[in-house]
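Some notes on the structure that comes next.
Ligands are counted one by one from 1 in listed order, and the atoms in each one are counted from 1 as well. For the numbers below, each heavy atom of this structure counts, side chains included, while hydrogens, waters and symmetry mates do not.
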Amino acid sequence: MTRLVVVGNGMAGARLVSEVRARDPHIRITVFGAETGRPYNRALLSNVLAGTMTPGQVRMLDAEWYADHAVTALPGVEVTAIDREAQEVLTACGRREPYDVLVLATGSEAVVPPLPGAERAVAFRTMGDCEAILAAAGTARRAVVVGGGLLGVEAARGLAGRGLPVTLLHLAGHLMERQLDAEAGLVLGESLAGLGVEIRTGVTVREILDDGVRLAAGTGTAPGTAGAAASPSGTGESGAGESGAVGEEVVEADLVVLACGVRPVTRLARDAGLAVARGIVVDDEMRTGDPSVFAIGECAEHDGVVYGLVAPAWEQAAVVADLVTATDKTARYRGSRLVTRLKARGVELAAMGETHLTEDEAEIVRFSHRARGAYRKLVIRDGRLVGAILLGETPAVGTVTRLFDHGGPLPADRAGLLFPGLAGGAAADSPVRMPDAARVCQCNNVTKGQIRSCWESGARDVAAVAAATRATTGCGSCRDAVEGIVGWLCEQEGIPV
Ligand SMILES: Cc1cc2nc3c(=O)[nH]c(=O)nc-3n(C[C@H](O)[C@H](O)[C@H](O)COP(=O)(O)OP(=O)(O)OC[C@H]3O[C@@H](n4cnc5c(N)ncnc54)[C@H](O)[C@@H]3O)c2cc1C
């Protein structure tokens with residue numbers, strides 16, 4: 001009987017285990033997880049931080065599931081080495097586990113910048129981190145979040161939503177610079193400022209103090225709420241300026257959260273002599289140079305890309321499950337088109353593809369209305385949508401995402417795409433008009449057609465659809481769309497919603 005060993009019980013590892021078991025009841029599965037407790041949906045930690053979900057609600061497989069599915073799960077057990085010759089993994093507690101197939105799903109770890117006092121701050125990556133932040137937030141008077149990427153923005157919004165004054169410090173000139181152009185970053189910053197998050201971009205953090213964060217002299221801007229929490233060095237209540245250089249500032253805070261990016265966890269693979277670039281290098285089968293070792297999720301590098309979202313990790317898990325169980329020997333992973341959606345109450349944002357191309361490189365259609373927190377941009381090349389930013393509430397999200405997904409030719413009326421429903425414009429998104437092939441849940445690749453057939457088989461609410469298709473169980477941002485489709489189908493048949 002094939003012995004499958006999985007290292008890492010995060011979103012990729014846990015999904016792989018359930019995909020393999022769903023295909024093959026016999027294969028022997030052992031999964032090691034360095035974190036204690038049940039696996040959980042990491043993407044939903046932002047919701048736990050914001051208080052819209054409890055830690056229990058984001059947990060996934062439990063002991064009963066493992067027992068019922070004959071899977072040996074070893075939480076809190078770190079794998080420390082791979083002996084490829086003997087085909088065994090070694091654990092921190094001295095266990096040797098033999099394998100026929102090994103899957104590395106070790107994910108990423110938070111980058112902690114080498115700043116003096118960094119140990120006073122908390123990173124934002126694991127459930128443990130989230131619990132530590134929440135415990136500190138209970139008594140904190142002010143918080144600082146360092147890092148204005150997706151996670152930093154979600155953390156800052158979450159803490160502000162709990163009533164804590166928050167300053168978000170970001171090194172780059174605008175927020176989420178990887179996904180957004182400068183104007184979108186500015187509009188996002190203004191929207192967050194309206195929700196109680198002070199934004200300072202272009203700042204360099206020098207040191208984490210007991211009661212704040214010291215910035216390098218003369219750095220930073222604070223659109224809208226300039227400098228409210230910052231005091232010139234030596235004049236702030238913290239007194240931390242005493243040792244600082246003239247002109248340096250201290251942003252006061254008794255809770256400092258670091259959201260400074262992640263790095264793939266590759267040490268095991270590297271030590272075992274497998275090829276590692278930024279991530280563990282794999283081919284289209286998600287196989288490393290050793291045919292019995294695969295890598296999936298954020299630790300893997302496919303075709304030069306390390307993905308940082310759930311959808312690719314779960315697609316990769318499905319491919320490996322097909323191959324390992326021989327359900328589909330032709331299964332291959334060909335890369336993913338990514339759509340990033342922000343989970344921050346009061347701010348709607350979807351960004352996808354190549355958003356930074358200029359007018360010289362692509363056709364750009366843009367609308368900006370800063371006073372309303374709205375910014376929309378389409379990036380078109382050869383008549384196809386290659387990138388988009390949709391900031392602020394808009395019914396265009398579904399249609400634009402679909403056009404990006406499929407890469408098909410765009411209608412001639414570009415502006416109509418940004419303003420669906422306007423005279424002559426494209427139709428507004430609605431369950432009625434959505435084609436069956438439209439992908440509703442990006443994380444789990446679930447189409448409207450699948451939701452419809454699930455409804456036809458008796459599913460009458462989001463929970464039932466989720467149980468049957470897994471739609472809504474990734475980042476959760478498609479929940480409203482699924483609800484809309486179910487409601488519309490019920491309405492058609494006169495069934496009370
Ligand atoms: C706050 C937050 C919000 C996010 N929001 C979104 C979102 O909205 N949409 C989205 O698509 N993505 C989001 N992400 C990213 C998403 O969570 C990751 O892409 C996903 O978790 C990657 O899964 P993974 O299994 O590769 O890695 P992980 O989930 O990090 O799991 C890896 C696991 O392996 C374990 N491990 C590592 N080394 C060992 C070892 N030697 N032995 C045993 N175990 C080991 C780790 O402890 C960890 O539990 C978010 C992430 C965070 C932190």
- Would Q87 and S292 count as a side chain to side chain donor-acceptor pair (under 3.5 Å) if you check the C-alpha gap in whole Å, the side-chain angles of each, and the deciding distance to 0.1 Å? CA-CA 9 Å; Q87 300 216 153; S292 47; 3.2 Å; yes
- Y307 meets the ring pair (Phe, Tyr, Trp, His ring centres under 6.0 Å) criterion, sequence neighbours left out, with none
- Message: As an exercise, state the distance from OG1 of T2 to CZ of R28, rounded to the nearest 0.5 Å.
- Response: 11.0 Å
- Kindly compute the distance separating CG (L268) from CG (L274), expressed to the nearest 0.5 Å. 9.5 Å
Where ligand 1 meets [X] - atom numbers and elements under 4.0 angstrom, heavy-atom basis:
X	value
S46	1 (C), 3 (C)
G308	15 (C), 19 (O)
V77	43 (C)
G297	26 (O)
E35	47 (O), 48 (C), 49 (O)
T106	32 (C), 34 (O), 37 (C), 38 (N), 39 (C)
A34	43 (C), 44 (N), 45 (C), 47 (O)
A12	23 (O), 24 (P), 25 (O), 26 (O)

Please list the nearest protein heavy atom to [atom] with its residue and the distance rounded to 0.1 Å.
atom	value
atom 42 (N) of ligand 1	V79 N, 2.9 Å
atom 35 (C) of ligand 1	G8 CA, 3.8 Å
atom 31 (O) of ligand 1	G10 CA, 3.3 Å
atom 10 (C) of ligand 1	L309 CD2, 3.4 Å
atom 6 (C) of ligand 1	A43 CB, 3.4 Å
atom 9 (N) of ligand 1	C475 CB, 3.6 Å
atom 27 (O) of ligand 1	G107 CA, 3.2 Å
atom 5 (N) of ligand 1	K343 NZ, 2.9 Å

So for ligand 1, is [X] a polar contact partner (N or O within less than 3.5 Å, distance only)?
X	result
R341	no
V7	no
A313	no
V310	yes

- Task: Could you tell me whether R337 and D405 have a side-chain N and a carboxylate O separated by less than 4.0 Å?
- Result: no
- Query: Are E109 and R267 close enough for a salt bridge, meaning some N to O gap below 4.0 Å?
  - Reply: no
- Start with the C-alpha distance between H170 and E177, add both sets of side-chain angles, then the distance that settles side chain to side chain donor-acceptor pair (under 3.5 Å), and finish with yes or no. CA-CA 10 Å; H170 191 45; E177 76 281 1; 2.7 Å; yes
Shortest non-hydrogen contact from [X] to [Y]?
X	Y	result
I485	I451	CG2-CG2, 3.8 Å
Y40	M60	O-CE, 3.4 Å
P312	L338	CG-CD2, 3.7 Å

- Among E154, R125, E298, M127, which residue places a heavy atom closest to atom 30 (O) of ligand 1? R125
- Which option out of L338, L44, L151 puts a heavy atom nearest to atom 2 (C) of ligand 1? L151
Is any side-chain heavy atom of [X] closer than 4.5 Å to a side-chain heavy atom of [Y]?
X	Y	result
V324	D24	no
R42	R125	yes
L180	L349	yes

- Message: Please confirm whether L49 approaches ligand 1 to less than 4.0 Å, judged on its heavy atoms.
- Response: no
- Task: Check whether any heavy atom of C443 sits under 4.0 Å from an atom of ligand 1.
- Result: no
- Task: Report the residues that fulfil salt bridge (Lys or Arg N to Asp or Glu O under 4.0 Å) with D284, sequence neighbours left out, ordered by chain and then residue number.
- Result: R334
